[in-house]
Amino acid sequence: MSPPDVAPARPARTRARRYRRRLRSRIILSFLLLGLGLTTLFAFLTQEARDRVENTLVEDLMNRNIDEYARRYYVDPLRNPAVPLEQIRARVVKRDRFEELRRDQPDWYELGDGIHNLSGIDEDGTPFMYKLAVRKTPDEWFFLAYDMSETMRGATQFQRAIFGSVVLVSLLSLLIGWWSAARVMSPVSALANRLRSSGDTSTPEALAPHFPDDEVGQLASALDDYAFRLTEVVQRDREFNADVSHELRTPLAVIKGAVELLLSRPELDEKTRTRLLRIQRAEQQCTDLISALLLLSRNERGHGATDVGRVVEQLFDAHRPQLVGKPLVLRLEGDGPLIVDAPESAVTVALGNLVGNAIKYTQAGDVVVRLGDRLVEVADSGPGLSAEDAARLFERGYRGTHAEHSQGGGIGLSIVRRLCALYGWQVRVVPGAVRGVVATLSFRPD
């Protein structure tokens, strides 16, 4: 399982457009399949009915004609009776010519009473097909052949006409589906465009007045109600954050002034001075955190020229009290200064969580912060990173497998993720090459 690589989310306009086209395509395809299916079923049933009716009529005609042919023969056995239809050819074979029929036309000789379908190819290569009615008596065998060539040509023309009708109706269904899809999707597309453009303002425009009272109008009304409630929630959240920020800044300013005043006294002993410096660092951390959270709540980027190396040194100083009793070394490596266009509070909060976690979970060894080209690496020699931690590390409220006995609510890295999304940074946490964890914070714009 690969470790998380957090980057700012991008609007999925291409995906939304593809889904919208898929819905339009489904409507068009539904019309096409409906037209094609119904036409094909109708063509099949029509062809089947035509073949059955034609076959029944031809067989009934042949049965009546062979009986009539036999009757006329017995009226005057010396004369070959005429056949009433030109498509029918009749033949009578007497007993003394049965063997001759076996030799000349063995296929006729083997046939029993009834109507049979015969087909083949003439000597000149012309295909033929006919129905043969057979009536056999002890002294005479009667044969009545019905030429099916014209019927087959008619059936072929009929099949071509049916196929053409299927193609024509399918194309017509496609055009109707295209037109219907455009008509059906037009108000939905208009609603999507208005909804997309309404996001450019802090107070979204009402959508329902622009649409009739149909399904799309009801959807627009529901979206208006949702946007109104969401705007109220966001407004309350912003007001709450602003109020909390303002109200907390006042006592923090009092704490800061009191600490500075106490630190200015020359008679302070070293133990009291150390405690006051710790209070001062905690006050600064709270101030930075409040400023960063206020930026996140307003969803606006602050600007500044922050020296990342100086921020790291301040973080090392703030965390040195945690090193008491731990054989842990903090090091800052880098060739030159790294200046970031962001408020110092935002950089401090983002790096503070990474450096603080590295110091918290490393019991011995070293924590190295390397300044690179528009990025910072925080490497430690701690217990490492499990696959589950790597997958869920930046989830709000998640605390890793090594955090059973540590304090914290598991929201520090989620704040880092939100800051990265706001400023276009990327943060990545991976297991070290030998041991520990390497966290990388890149300040390159996305």
Side-chain angles (χ1 to χ4, degrees), residues 1-10 292 296 306 308-309 311-316 318-319 322-323 326-336 338 340 342 346-446:
M1 182 179 298
S2 61
D5 190 359
V6 178
R10 300 181 180 179
L296 289 175
T306 301
V308 179
V311 170
V312 173
E313 291 176 352
Q314 293 176 354
L315 291 173
F316 280 172
H319 288 91
Q322 301 179 26
L323 303 182
K326 294 174 62 174
L328 185 63
V329 178
L330 306 181
R331 296 202 314 271
L332 173 62
E333 300 177 356
D335 297 333
L338 175 58
V340 177
V347 179
T348 301
V349 171
L351 273 178
N353 280 280
L354 301 179
V355 174
N357 285 340
I359 296 174
K360 181 190 300 184
Y361 298 116
T362 304
Q363 301 302 321
D366 51 19
V367 172
V368 182
V369 178
R370 301 183 183 92
L371 304 183
D373 181 18
R374 304 294 296 170
L375 60 84
V376 178
E377 285 187 356
V378 181
D380 63 62
S381 56
L385 194 68
S386 66
E388 181 182 4
D389 289 342
R392 304 182 56 191
L393 199 59
F394 291 91
E395 294 181 7
R396 181 178 177 85
Y398 178 75
R399 304 176 73 236
T401 55
H402 301 287
E404 292 86 352
H405 304 292
S406 63
Q407 296 180 351
I411 64 173
L413 289 180
S414 69
I415 295 176
V416 176
R417 173 182 58 82
R418 293 171 59 194
L419 283 172
C420 289
L422 178 63
Y423 283 94
W425 303 337
Q426 291 87 34
V427 61
R428 183 178 179 85
V429 180
V430 297
V434 179
R435 59 177 180 170
V437 174
V438 178
T440 303
L441 178 61
S442 174
F443 299 104
R444 295 185 180 93
D446 55 319

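What you see is a predicted model, and the numbers here were worked out from it, not measured in a lab.
Looking at Asp380, its side chain does come within 3.5 Å of a backbone N or O of Gly382 through a donor-acceptor pair.
Summarising the geometry of Ser442 relative to Trp425, their closest heavy-atom pair is O-CB, 3.2 Å, with the distance given to 0.1 Å. Ala350 and Val416 get closest at one heavy-atom pair: O-CG2, 3.8 Å. Considering every non-hydrogen atom in both Gly356 and His319, the closest pair reads CA-NE2, 3.6 Å. What you find for Leu328 and Ala364 is that their closest heavy atoms are CD1-C, 4.2 Å. Nearest heavy-atom pair across Ala439 and Leu354 is CB-CD2, 4.1 Å. Residues Lys360 and Gln363 come closest through the heavy atom pair O-NE2, 3.7 Å.
For the atom pair Leu315 CG and Leu332 CG, the distance stands at 10.5 Å (nearest 0.5 Å). We find the CD1-CG distance between Ile359 and Leu330 to be 4.5 Å, quoted to the nearest 0.5 Å. For the atom pair OG1 (Thr440) and CD (Glu377), the distance works out to 4.5 Å, reported to the nearest 0.5 Å. To the nearest 0.5 Å, atoms CZ (Arg374) and CZ (Arg444) are separated by 8.5 Å. Once rounded to the nearest 0.5 Å, the distance linking CG of Leu413 with CG of Leu419 reads 11.5 Å. Interatomic distance, NZ of Lys326 versus OG1 of Thr362, reported as 6.5 Å (0.5 Å rounding).
Val329 places none of its side-chain heavy atoms less than 4.5 Å from the side chain of Val367.
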Requested in this report: Take Val378 and Val438 through the side chain to side chain contact (heavy atoms under 4.5 Å, CB included) test and state the conclusion after the steps.
Outcome: CA-CA 6 Å; Val378 181; Val438 178; over 6 Å; no
Query - Residues Val376, Leu338; criterion side chain to side chain contact (heavy atoms under 4.5 Å, CB included); working and verdict - result: CA-CA 9 Å; Val376 178; Leu338 175 58; 3.8 Å; yes
**Report entry** Arg370 vs Val368, side chain to side chain contact (heavy atoms under 4.5 Å, CB included): CA-CA, chis, key distance, verdict
**Finding:** CA-CA 6 Å; Arg370 301 183 183 92; Val368 182; 3.9 Å; yes
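Of the options Leu375, Thr306, Val308, a side-chain contact (heavy atoms from CB on, under 4.5 Å) to Phe443 is made by Val308 and by none of the others.
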